[in-house]
There are 2 protein chains.
Amino acid sequence: MKPKKRITIYDIAEKLNITASSVSRALNNSNHVNEATKNLVLKTAAELNYKRNLLASNLRMGKTKTIGVVVPRINQNFFSNVIAGIEDATYQKGYNLIICQSNESHSKEVKCVNTLMNQHVDCIVISVSVESDDHTHLEHVIEQGIQLIQFDRVAEELETLKVINDNETASMEAVVHLIQQGYKRIALLEGPQNLNIFKQRKTGYLNALKKFNIPVNDELIIENAWTKELGAAATRKLLSLPDPPDAIFASTSDFSALGVLDVAHDMDIKVPSQLGILGYSNEAFTEITTPSITTVDQFSVHMGKTIANLYFEEMENKEVAVTPKVISIKPQLIIRSSTLKNK
Amino acid sequence: MKPKKRITIYDIAEKLNITASSVSRALNNSNHVNEATKNLVLKTAAELNYKRNLLASNLRMGKTKTIGVVVPRINQNFFSNVIAGIEDATYQKGYNLIICQSNESHSKEVKCVNTLMNQHVDCIVISVSVESDDHTHLEHVIEQGIQLIQFDRVAEELETLKVINDNETASMEAVVHLIQQGYKRIALLEGPQNLNIFKQRKTGYLNALKKFNIPVNDELIIENAWTKELGAAATRKLLSLPDPPDAIFASTSDFSALGVLDVAHDMDIKVPSQLGILGYSNEAFTEITTPSITTVDQFSVHMGKTIANLYFEEMENKEVAVTPKVISIKPQLIIRSSTLKNK
DNA sequence: TTTGAAAACGCAATCGATTGCCATGATTTA
DNA sequence: TAAATCATGGCAATCGATTGCGTTTTCAAA
């Protein structure tokens, strides 16, 4: 089957014995066309099944109504939810989404950003990869006048729009909750400290300890324990200390919390009575483990919608001086069985 | 900060005192340019930080190296994994992905497909929504000569490329496993029968029963139980029968299996000894419930890669007569505690 | 030195849609 | 009746990259 030739405004123009200019004006609902011809054009366009060639239109207009999104991994719960939220909000405004994943690699992230710039997206939404310390690729985006919105994992020194979680407060509240439940030696599984989110969560942890005058014990703080396996390994190490912790805050993710839980099961340690476990992200599974895991919900879909709406607001007020705006969403502590020592 | 003017081939041409034609040829590594000027162009382009305007290029070339993907929900585990697989394979070939979600709505699905056609994507990859009975929008895609690839949930009557799971065999093997474990009265939670996948899974169930000469009992087959809540409701209904089932195959999803498990817990029914539970999809959580849930793995990331590679193969051999090709991936039964009655 | 082929590169059209400017004719106002 | 205003809609340039065709240059063979 040979593809039908695509209908252009010239085809419509020819058929109606007018010029493409008028067709274009009619299709764009300009008021410089006669109502009658406008209707005629619309009718003919529908009959011929005309579809506007967005490539041509975008080239001419210099904008694409497209937003590029770069995330470390598309199929990570948090990110796919954010994307779903963005899609939902942008779709309503007739915008499209181009999605890339950096796979946590800096070089791929740079390539993704370049591709998006070549595609002339109107806006780039990014959560940087764990490897990213150099942000010149993001500066290029700004130089080109493309709106840049960072979320969750952000390069803080760049003055861009940002949508973040208040990790510090959330983390502090989580640890305070543990303290109030009577846990005395609270360990922290921390993530790569070049990422703001992990640094903030650590700060929250430290603040909570300080608030209650609990001395910080470095042997209870384990670096880079951000997968299930690393969480498990860290737990084995912690529990074999002469003076082991009685609670572990897996500030990196629920996956590492799951690793903690696994090891606790293996070693026949009772959760929450002997060991409290607290995760981060409110992954679906935290609700159904035994015991269910206390965690922090980040409102990821809502975050996506916030990002999209932030873009649209900036668009509309772009004559106003654009101050680097930061929207901080306060996560919510979800208290479940794994930390309820007092009950 | 005012955006820098974008550099075009004309800027490069002017600077080097040649024409844009030569610049273009140089950038495209054509053999109709002098090696020296080619290098000069490349060097200048790098200096000026030239980026090809893909809008212009695509308009001229008539193709976009872009693939559009339409799924019911981006943030559903199976789909986000498929997307991740597609992204991985297409990225290597320099292709981009535009992602849309239909939210299981037919009208939104149609709009998504139209947008993608307007964007002149080279290929549309789709898993249809549950509402989709009318497929004229997909016929339009074919008419326009855009490659169409259906996956998982497909409109079978359309002769397109398809990548599917062998649901029937997988489902049959699942039920055979239940029978071999000694379960006698096996209930089926089925999904909307207008979707091929659910129909096939039902057929697999029926075939397994027939093979072992087990009579089909309609009161053990519950329609439309494809969420956790519906699965729970169905279970309550089944377990209150005078002669309740001793196993439930939640053929729709692991979520409905989870609903089954919840109700079993509530009613103090022992799994797997009093009730066997079998899900579908191998969601992450099935491994960590108590007991862990036997389920079917669909190799979703691999499925995504298969889809992408199928497209590239078709591209390369497009002179060969294009036969509607169907790739069927055999899912794998993952046996876990929830069905191990014999152990 | 002349001829001829190949190499290198310029010209101009093209991909479709958009839009500022101008021309035409109709309508209105003085 | 003449002048001014307005509604329509055509013309042609534009957005940047690509490419068929044609011209110029180069270099070797005759």
Side-chain angles (χ1 to χ4, degrees), chain A residues 3-42 44-45 48-66 94 117-122 144-145, chain B residues 3-42 44-45 48-66 94 117-122 144-145:
Chain A
K4 279 187 195 165
K5 188 191 165 308
R6 283 188 117 105
I7 303 295
T8 71
I9 53 172
Y10 295 96
D11 298 319
I12 300 179
E14 195 177 9
K15 180 152 187 182
L16 297 179
N17 239 351
I18 55 179
T19 59
S21 321
S22 301
V23 176
S24 173
R25 285 191 261 256
L27 292 172
N28 289 299
N29 202 24
S30 149
N31 53 354
H32 288 294
V33 247
N34 188 299
E35 198 67 23
T37 52
K38 183 188 292 185
N39 291 332
L40 205 54
V41 168
L42 260 35
T44 316
L48 297 180
N49 194 25
Y50 165 79
K51 298 224 187 315
R52 173 193 268 121
N53 184 333
L54 282 183
L55 293 177
S57 175
N58 291 341
L59 173 61
R60 179 62 223 254
M61 307 288 277
K63 60 195 299 291
T64 52
K65 288 191 133 200
T66 297
M117 285 172 66
N118 291 359
Q119 293 272 3
H120 284 234
V121 296
D122 294 343
Q144 290 289 321
Chain B
K4 279 187 196 166
K5 188 191 163 304
R6 282 188 117 107
I7 304 294
T8 71
I9 52 172
Y10 294 96
D11 298 318
I12 300 179
E14 195 177 9
K15 180 154 186 179
L16 297 179
N17 239 352
I18 55 178
T19 58
S21 319
S22 301
V23 176
S24 173
R25 285 192 261 257
L27 292 172
N28 289 301
N29 203 23
S30 149
N31 52 355
H32 288 293
V33 247
N34 188 301
E35 197 68 22
T37 53
K38 183 188 289 183
N39 291 331
L40 206 54
V41 167
L42 259 37
T44 317
L48 297 179
N49 194 25
Y50 166 79
K51 299 224 186 315
R52 174 193 266 119
N53 184 333
L54 283 182
L55 293 177
S57 176
N58 292 340
L59 173 60
R60 181 57 224 256
M61 308 287 279
K63 60 195 299 291
T64 52
K65 289 190 131 200
T66 298
M117 288 173 65
N118 290 0
Q119 294 272 3
H120 282 236
V121 296
D122 295 342
Q144 289 289 320

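Excluded from the calculations below are hydrogen atoms, water molecules and symmetry mates; all remaining heavy atoms, backbone and side chain alike, are included. Chain A is the first sequence line, chain B the second, and so forth, proteins listed ahead of strands; every chain is numbered from 1.
- When heavy atoms are screened at a 4.0 angstrom cut-off, B:Ser30 is found touching no nucleic acid atom at all.
- OP1 or OP2 of C:dA17 has not a single side-chain nitrogen or oxygen of A:Asn53 nearer than 4.0 Å.
- Map B:Ile18 and B:Ala56 each onto its nearest nucleotide of DNA chain C; the residue landing nearer the 5' end is B:Ile18.
- Across the protein-nucleic acid pair, B:Asn118 atom CG and C:dG16 atom C1' stand 13 Å apart, rounded to whole Å.
- Heavy-atom nearest nucleotides on DNA chain C were determined for B:Lys38 and for B:Leu59, and the one closer to the 5' end corresponds to B:Lys38.
- Side-chain contact, A:Asn29 with A:Lys38: a donor N or O sits under 3.5 Å from an acceptor N or O.
- One interatomic measurement links the two molecules: CG of B:Leu55 to P of D:dG16, which rounds to 10 Å at whole-angstrom precision.
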Listed pairs, N/O of protein and of nucleotides 19-28 of chain D, under 3.5 Å:
unit_1, atom_1, unit_2, atom_2, d
D:dT19, O4, B:Ser21, OG, 3.2

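- In terms of heavy-atom proximity, A:Ile7 sits nearest to A:Leu48 at CG1-O, 3.4 Å.
- OP1 or OP2 of D:dT14 has not a single side-chain nitrogen or oxygen of B:Tyr10 nearer than 4.0 Å.
- At least one side-chain nitrogen or oxygen of A:Thr19 sits closer than 4.0 Å to the OP1 or OP2 atom of D:dG10.
- Taking the salt bridge (charged side-chain N to carboxylate O under 4.0 Å, His left out) definition, one finds that A:Lys63 meets it with A:Asp122, sequence neighbours left out.
- For A:Asn53 against B:Leu59, the heavy-atom pair with the smallest separation is ND2-CD1, 4.1 Å.
- Rounded to an integer number of Å, the gap from CG of B:Asp11 to C1' of D:dC15 is 13 Å.
- Here the shortest heavy-atom pairing between B:Ala45 and B:Leu27 reads CB-CD2, 4.2 Å.
- A straight line from CG of A:Asn34 to P of C:dA26 spans 13 Å, rounded to a whole angstrom.
- The backbone N or O of A:Ala36 sits less than 3.5 Å from a side-chain atom of A:Asn34, completing a donor-acceptor pair.
- Under the 3.5 Å distance criterion, the side-chain polar atoms of B:Thr44 are left unmatched by any main-chain donor or acceptor of B:Ile12.
- Here the P atom of nucleotide D:dA7 and the CD atom of A:Glu35 are 13 Å apart, to the nearest Å.
- Rounding to whole angstrom units, CG of residue B:Leu54 and C1' of D:dA17 are separated by 10 Å.
- The CD1 atom of B:Ile12 sits 13 Å away from the P atom of D:dG16 (whole-angstrom rounding).
- Atom pair B:Ile9:CD1 and C:dC11:C1' shows a separation of 14 Å (rounding to whole Å applied).
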